[in-house]
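Everything numeric in this text was worked out from a predicted model, so none of it was measured. First the proteins, then the strands, lettered A, B, ... as listed; each starts at 1.
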Protein chains: 2
Amino acid sequence: MPDGSQKKPSRIQKHNRRVILDAALDVFSQHGFRGATLDQIATEAGLSKPNILYYFQGKEDIHLTLLSQLMETWLDPLVELDPNGDPQTEILDYVQRKLDMARDLPRESRLFAGEILQGAPRMGPHLERDLKPLFDEKCAVIAHWINTGKIAPLDPQHLIFSIWATTQHYADFAAQVSVLLGSQTDPHQRASDHLKAMFSGMLRPPACD
Amino acid sequence: MPDGSQKKPSRIQKHNRRVILDAALDVFSQHGFRGATLDQIATEAGLSKPNILYYFQGKEDIHLTLLSQLMETWLDPLVELDPNGDPQTEILDYVQRKLDMARDLPRESRLFAGEILQGAPRMGPHLERDLKPLFDEKCAVIAHWINTGKIAPLDPQHLIFSIWATTQHYADFAAQVSVLLGSQTDPHQRASDHLKAMFSGMLRPPACD
DNA sequence: AAAAAATTTTACCATTTGGTAAATCCACGA
DNA sequence: TCGTGGATTTACCAAATGGTAAAATTTTTT
């Protein structure tokens, strides 16, 4: 009897949990926690509602499971920021990784955005425990790059915010972006080029003398 | 008998509609359309549910009214971007106006963000009709500034996206920002300084020779 | 193949939700 | 001051929602 069991899951169990989480990601990312319904998730997953509650303790459990799994993926690009690499390259590559993630995992981006937008009621602790230490660590790395004159003197904390904002924008505000760009050739490449130019411009040390 | 009436509204009518819309802004911006309930809005407004439905045709009507009213406010800062002003100043001032709006109208920002996040189901037409023409117009202005060498050659469309993203981030992701910044002195001023430095850096024409 | 365990379905249930009908209250102009 | 129309409340309702109990079915183990 699964749901909260500690036994190793059968293959049918693993399969169904994955199917449910995938369906739930669809629904939660589109309607938010309170706007999503178990019936919707069940229909999307091709299972009955009670069957879903056989695998998860409830709606909240599904949502929390999704957010927990997501956190890892979400932090990964920042983890890879190498203190020993070339500062400009490291930051530009980080921007690129985040942008690629917005393209490849838009549902995850929106799930995350929705949760934060609503005040992070179910993720506050995760942010504090997992994100904050990493954030502080990488801010220190950037601060060091600045102090040694490798990049322009920007506020590290807010620089990271700006990177998150500009990249995730393409997933979270896709509906607006697509209206405004119309049918354009390879918007992702354009976005990538723009962000590269933008961050290159602002990062290059200020004086040319 | 109000709700859809064309008569001029009494002062009590005007007052209650305003109270309801203010309460609804709270609730919708926090829970999204589907997650919000009329009971919540009623409680927040200090009115009974049927009384609310006396002033609005239904939940959707309230939401739509909010979005319509918001659109005007939302476009305003961009409208003010002056083709005849100094390019650098104009853009930096625009950034500042947007940032101030994120600070002063966070609920509105989140309402908008939530609607877009969910695919703009009730606002697609508004975007197409009101936002797109203005967006195209101002992109042309920026393109002209670039062509005459006044600012660095950035993609106008994506530059505007980046301005929106970086400024609205402080309202939409406030829950995350506050966790990561901790209790810091005047985060808004820091954000303002950062954005100014950042956009100054990227806008200044590339070569110093 | 039989027993045991895991999985799925059927039939519910209490609560919440958006919304309505009609009775009542109340402000205000004649 | 009294009538009238706007404003508000009371009492509902049908549908949807999160969730449960237990029977039925399938899978796995012996």
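If you check the side chains of A:N51 and A:S48, you find no donor sitting under 3.5 Å from an acceptor. B:Q189 and B:D193 share a donor-acceptor pair across their side chains, judged by distance under 3.5 Å alone. Side-chain N/O atoms of A:S192 and A:Q96 include a donor and acceptor closer than 3.5 Å.
Between B:Q13 and D:dA7 there is a side-chain N or O to OP1 or OP2 distance below 4.0 Å. Residue B:S48 places at least one side-chain N or O closer than 4.0 Å to OP1 or OP2 of D:dT9. Not one side-chain nitrogen or oxygen of B:N51 sits closer than 4.0 Å to the OP1 or OP2 atom of D:dT10. Taking 4.0 angstrom as the limit, A:Y54 places none of its side-chain polar atoms (N or O) nearer than this to OP1 or OP2 of C:dT9.
Annotation: ring pair (Phe, Tyr, Trp, His ring centres under 6.0 Å) contacts of A:H194 (sequence neighbours excluded): B:H158.
Spacing between atom CG of B:L47 and atom P of D:dG6 amounts to 19 Å, rounded to whole angstrom units. Between B:H15 atom NE2 and D:dT8 atom P the separation is 10 Å, expressed in whole Å. Following rounding to the nearest Å, A:K14 (NZ) and C:dT7 (C1') show an atom-to-atom distance of 17 Å.
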Counting primed atoms plus P, OP1 and OP2 as sugar-phosphate and everything else as base, spell out the protein contacts along nucleotides 13-21 of chain D at 4.0 Å heavy-atom distance: B, S or - for each nucleotide, 5' to 3'.
----SBBB-
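Remark: A:D136 engages A:K132 in a salt bridge, criterion side-chain N to carboxylate O under 4.0 Å. By the 4.0 Å N-to-carboxylate-O rule, B:R110 lies too far from B:D172 to be salt-bridged with it.
In this structure, CD1 in A:I116 is found 9.0 Å from CH2 in A:W164, a value given to the nearest 0.5 Å.
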Between N or O atoms, less than 3.5 Å apart, protein on one side and nucleotides 27-30 of chain D on the other: list the pairs.
{"from": "D:dT28", "atom 1": "OP1", "to": "A:R11", "atom 2": "NH2", "distance (Å)": "2.3"}
{"from": "D:dT28", "atom 1": "OP2", "to": "A:R11", "atom 2": "NH2", "distance (Å)": "3.4"}

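Ring-centre distance between A:F161 and A:F135: below the 6.0 Å cut-off.
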